[in-house]
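Sequence lines set the chain letters: A, B, ... in the order given, protein chains first and strands last, and positions in each chain run from 1.
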Number of protein chains: 2
Amino acid sequence: MTANPQIPDPAGLLARPALAVQVADVLRGLILEGELKGGEKIRERELTERFGVSRTPLREAMKILASEGLIDLIPNRGAVVARRSDAELADAFPVLAALEGIAGRQAAERASDAEIAEIARLTGALRDAVGAGDRPLYFEINQKIHAAILAASRNEMLARTHATVAGQIHRARYQANLTRSRWEKALAEHERIAEALAARDGAALGTLLHDHMMAKLTAILEARRSGAAG
Amino acid sequence: MTANPQIPDPAGLLARPALAVQVADVLRGLILEGELKGGEKIRERELTERFGVSRTPLREAMKILASEGLIDLIPNRGAVVARRSDAELADAFPVLAALEGIAGRQAAERASDAEIAEIARLTGALRDAVGAGDRPLYFEINQKIHAAILAASRNEMLARTHATVAGQIHRARYQANLTRSRWEKALAEHERIAEALAARDGAALGTLLHDHMMAKLTAILEARRSGAAG
DNA sequence: GAATTGAATTCTGAATTCATAATTCCTGTC
DNA sequence: GACAGGAATTATGAATTCAGAATTCAATTC
């Protein structure tokens, strides 16, 4: 008999995740995909009908997303999809850059050879996407590379933290209507990143990833300034 | 008429936070204060009676804390207070160190003179606490200094991210049964931190805070290794 | 015709109820 | 006496219900 009652073995063999967690995942997807836009009000009734669940798990899911910063809860008035100001974006990127920096340093130490090869392959595909002028494909591969580096860092806490911060500025990253010159610079940065990883040079990789992210911020803010607000 | 239904002005003048959020705050406090220990099972019934609320807001609160990583939800078996392994601690500290590093860099730029003076004052109090051999006081002031630097960085996203990561390893930080020599080294580090802030030397402050945090990790892991596990 | 007040409707907040899964304890058997 | 099986109890998951706040719309007055 333990004095502290404990769960012996989470196992999770056939344990289905709670409905609220599933709903949160779907809702998060809707927000990240842009189907629910920033500033938009969230109607409980509408979503319960859409998902076919009652209000209880939906409201629990909304609490989860609010704690992630994806939506804002306003007492007695429901929830709205969070809208990030330029100032908040500018604040978030140094945080993301620092997180990617550590990810790079740890990935250089911990990545398997297979992971390094995969990232090299993705970088090649990125070059092809730039050559073909395919922006959606570029964004997709770009995201895969960053996710692969995060995974290769073998740091669960880092990955979770990164995902939370990145989620809050996710949509902004696709607003960067990048110019050809910025696009090619970004590709060059990615190729140096792949090289540093292949050489397992953690310090260089960390710095490259950090600077890459900060350059992205500059590009996004410029794009926001030139293109009129949405 | 907006196509996107929007909340005109959150205002929040007399808007009380939702009961679930209040419950989450209290529960978080219980976990951080150590009243609910790692691995301990959370009984809904017990807590609803203690807080005088129904299960609904309590369950919403538990979803919030789970998304913060403070508790683990096990489907159909309730929740347990998360227990962090040494490996997870070792993963968390580089993340925290990086976050404090940016905090330092931004605080050097953005802190008001009053904030700098306050941190200098707290550092003096820290020296007194070391002189008096008062460890609880030392921990308290130490935490206030780090919080003050975070606040001075004027970066809400950074503060929130830091709080989330720090919360998950909070209790471990007080396990560091620090030796006299480590204690005095930490104090010296704090005095250099205060100096760098006074000089508004962001690069130095960032590095000092980063290294300070990593040194703390080393001390904690050593303390855990020598002292038997709890 | 515009503005303000008040009633009706709609939505959110929280408690309660119902269903289902897990744990515990007892009984019977080997 | 120990182990296996099963019933009873207890806890969790989710839907429903009830209460209260906010929004909307209409009516009245200036």
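- Under the 4.0 Å criterion applied to side-chain N and carboxylate O atoms, A:Arg182 and A:Glu222 are not assigned as salt-bridge partners.
- For the salt bridge (charged side-chain N to carboxylate O under 4.0 Å, His left out) condition, the pairs that include at least one residue of residues 89-108 of chain A, sequence neighbours left out, are A:Asp91-B:Arg110.
- Ion pairing between A:Lys63 and A:Glu60 fails under the 4.0 Å rule for side-chain N and carboxylate O.
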Base, backbone or nothing for each nucleotide of nucleotides 7-15 of chain C, written B, S, -, heavy atoms under 4.0 angstrom, 5' to 3'? ----SBBBB

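- Scored by the salt bridge (charged side-chain N to carboxylate O under 4.0 Å, His left out) test, A:Asp72 finds no partners at all (sequence neighbours excluded).
- Taking the six-membered ring where the residue is Trp, A:His212 and A:His146 present parallel rings, their angle staying beneath 30° rather than reaching 60°.
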